[in-house]
Each structure stands twice: as C-alpha cells, then as structure tokens.
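The next block holds one structure in the form of structure tokens; read it before the comments.
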There are 2 protein chains.
Amino acid sequence: MTAHGPQASEQNKRPNTGAAKRRILDAAARLFRQRGFARCTVRELADAVGIQSGSLFHHFKSKDDILFAVMEEVIVDIDAALAERLDEATTAEAKIRALIHTQLVFTHGPRANATAVLVHEWAALSTEGQAALLERRRRYFDRWHAVFLLARQDGLVNLDPTVLQQLLHGAVVWTAYWYDPDGPMTLDELESAALSLVLKSAPVS
Amino acid sequence: MTAHGPQASEQNKRPNTGAAKRRILDAAARLFRQRGFARCTVRELADAVGIQSGSLFHHFKSKDDILFAVMEEVIVDIDAALAERLDEATTAEAKIRALIHTQLVFTHGPRANATAVLVHEWAALSTEGQAALLERRRRYFDRWHAVFLLARQDGLVNLDPTVLQQLLHGAVVWTAYWYDPDGPMTLDELESAALSLVLKSAPVS
DNA sequence: AAGCCAACCAAGCGCTTGCTTGGTATACTG
DNA sequence: CAGTATACCAAGCAAGCGCTTGGTTGGCTT
C-alpha cells in the first residue's frame, strides 16, 4: 500500500523528489485550516499523508517550518497572480476588479486552504517567520494601495484611498466565512458586487 | 454554561464573590486574543490573574468553559447593545449606521478582546458550545438582515441585501486588523466611511 | 556488483499540558 | 462556639505533545 521510493519520469534527475513534500503541504493546509495550527498534531498530519509522524521531519525540520512553507508558497503565488492581472488591466476600474478577482480566486479556489491559513494563523508564526514573509506581504498590499491612489486620481472613488482599500480588502477576505462557491451565486457575481461597493454610482454590468 | 455558585443579589452579602471570575474572564479575553486559545496555557492565565493554575478550576470546570464564558458574555452584550441602538434609529440609514456603530464599538472599545476572541476562536469552541451560542448569533445576524431588507425596500441600497450585509459586516469586522483607535482617524469617521460604502451615492456628512 | 542516499518505519524520550487531589486559612451562619 | 462553604495553594498525575534515534528498504549511480 505504501508506495515509496522514487519513480522514473521525464528528464528529471530526481523525478519524485518533492512529491511527498507536496502531499504534506496540501494536507497541512487543509488540516491547519480545519482544526487550527495548534490543535492539529503532527500525528494527525502524518496520518492524512499516510506516513509515520517521525517521517515528517525528514522533509521539514519542525512543525513550525511546515506552517511557514504553506504560508510562503501562497503569499508568493498570490502576489505573482495579482501582478499579472494588474499588468493586463488598463483602467483603474479594471485594476480594482483585478484586486478583487485575485483575492476571491485564492480565497475560494484550489488554494483556499493555504489562503485561509495565511490569514488565520499569522499569529502562530514565529517572529522570524513573520519577518521573513513581511516583505512579500508589504509588496502585495502596496499593489492594492497603488491602485486606489490611481482610482482616486481618476475620480473613480470618493473616499480616503487607504481606508477604502482596507474596507474592501476586509469585505473580500471575509467572504471565506459565508460565501459558498457551490451555492447559487457565482464568483463573478460576487466580484461584481464587491466592485460596485467601492464605485460611487450604480452597480456594474 | 457558567456555573452560578454563590448568589449575586442587590445587597450583596459576599461583596467579593464574582470578582475573581471577572478578573479571570478579562485576562482570558486578553490572552486568548494575543496568543490564541490553544497556545495560551492555564498557567499563563493563572499568572496573569495572580493565582495558581489549579485554582482556576475552582471557578470554571475546564479551560474550554472559560472560552465559552468569554464568548457567551460578549455575544449577549453585543446583541443587546445592537437591539437598543436599532430601537432608537428611525430611518433605514440610521439603522445601518447603528449596525456599523455597534460592531465598531465592540471591536475597538473596552470589549475589543472578547469580541476578537468571539470572531477568531469560534472553531476552538466545542460542538456543544457552538450549539449553545448559535441561537444568539443567529439573532444578531437576523437584526442585520432585517435592516438591509428595509434599506432595500426604501431604495437606499441597490445590491442584493444578503450579499451587501455580508460584505459590510466583513469590512467592519476586519477593521480589527488595521484600524488604530489611537491613530489620526476617529471611530466616528470610520463609521461614516463604512456607511458611505453601502449607500449608493455621495459620502455622508 | 558495490556503494550511496533519500525515504521511510518503529520505538520512545523529555517535556508540557489540562486537570485533580488533599489540605489550609478565612469568613459567614445557626 | 462548632459547622459549613468559599477561595485558594502546593504538589503532582496521566496523557499527549513535538521531535529524535537507530535501523531497513530499494532505486540510482558508478
């Protein structure tokens, strides 16, 4: 049952290296979200992956390190995804939509677990871990801020850009607690609803 | 279920009864918020109160019970505070303002710690604990919903009431993570900013 | 074929955890 | 005054925790 040992694959010299790590990270994101980091034990996590608890420490040097890895991965990816979307957006309105879209996709898409962990378990990270991720975090929010400065210049919004940015970010992040992607409302509809919140006038499309 | 122990009455025969409990609950709210429920130990909590860890269990039957008591107290109080504010508000706009105001005051006022614990540590509560608080929670959100149904009828807002309610609630709750009551922006200004978010047209006073 | 090394298991160590126990000081009550 | 209940302390227990250790396996390289 326990298929172990590397397998042959394309040109990769170490084809299976990292596959176990991947499964650990996915299970960790799911369990850390469901049960909380502190309440999730390494034995639980190992069971979910299908290995012994001690074997986890062959891939990560500590439980804290697993949390860090989960968070680092998602924070890097969401920042990259946002950067790409913003590049493709030309108008200020399209850029605000890109902000909302990216956050919503990460919050409710395939990366939902890791995203929730990033939001929820920040305080569980060690001081050094927080410091190591802070620059990425800042970069992500700088993008938000730049968009709202632009939108304000264009007269698209009529509140203090910083406040508006934070209120919108909260509204979107909070959807994790009530919005059901399998329910009647589509993500696109939710995106439009959030967008129309921050624009002065009538709702969009 | 908070044990009652000695009777508290008008002319309190045991003036100090309940004082220890009060200090435990306050310290617990603070520590559970700062460190998280799971990472905060009963020894830590006892130290903060100035008693031995074992003595905590004279007042509460378990650590879980302390969490429950913190949450129950704040959920009852915030619902009562909201009900009172809503009664005093006549127009739909004034009622929306009451929603925002109450949530903001609890999030940033003297009850900030317990409110943050209620939001953040819900998953740490036992199944029975959640069930026991669910009715109060529902009542609170029913008040939100009724206000937004009214606002929609009055043509004050132009989005689906349920979605708008959730988005606003998220925006306001999230202020816990960025708004500084000691900073340049007053709570009233923040309240107005949040209100103008959900109203269709120009910002309010 | 021999050697290497990543990937795993089985066992368990040292420590911390929530909580219990037995006892004491103090205060109120009949 | 004895009787009773409260509020606490000092000590420690059983369980569970993160993590370490020593050993085995099997594919890959040379």
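In what follows, every chain begins at residue 1, and chains take the letters A, B, ... in the order their sequences are listed.
- To the nearest angstrom, P of D/dG18 lies 12 Å from CZ of B/Arg39.
- Atom P of nucleotide D/dC9 and atom CG of B/Asp47 are separated by 11 Å, given to the nearest angstrom.
- Separating the CD atom in B/Gln130 from the CE atom in B/Met71 is a distance of 8.5 Å, to the nearest 0.5 Å.
- Contact annotation: B/His58 side-chain N/O to D/dA7 OP1/OP2 distance is under 4.0 Å.
- With respect to the salt-bridge test (charged N to carboxylate O, under 4.0 angstrom), the residues A/Glu88 and A/Lys95 do not qualify.
- Atom pair A/Ile24:CD1 and C/dA6:P shows a separation of 15 Å (rounding to whole Å applied).
- In summary, the aromatic rings of A/His169 and A/Phe141 are positioned with their centroids under 6.0 Å apart.
- Counting non-hydrogen atoms of neighbouring residues, nucleotides and ligands closer than 6.0 angstrom, the CD atom of B/Glu135 reaches no more than 12 such neighbours.
- The side chain of A/His59 places an N or O atom within less than 4.0 Å of a non-bridging phosphate oxygen (OP1 or OP2) of C/dC8.
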Footprint string (nucleotides 18-25 of chain C, 5' to 3'): B base within contact, S backbone only, - free, heavy atoms under 4.0 Å: BBB-----
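- In terms of the salt bridge (Lys or Arg N to Asp or Glu O under 4.0 Å) criterion, A/Arg43 has no residue partners (sequence neighbours excluded).
- Here the P atom of nucleotide C/dA7 and the CZ atom of A/Phe60 are 11 Å apart, to the nearest Å.
- A salt bridge is absent between A/Asp26 and A/Arg30: the closest approach of a Lys/Arg side-chain nitrogen to an acidic carboxylate oxygen does not fall below 4.0 angstrom.
- Rounded to an integer number of Å, the gap from B/Leu56 CG to D/dC8 P is 10 Å.
- Look at CG on A/Leu67: it is 14 Å from C1' on D/dG18, rounded to the nearest Å.
- Atom CD1 of A/Ile51 is separated from atom C1' of C/dA6 by 13 Å (rounded to the nearest Å).
- For D/dC8, the OP1/OP2 oxygens have no side-chain nitrogen or oxygen of B/Gln52 closer than 4.0 Å.
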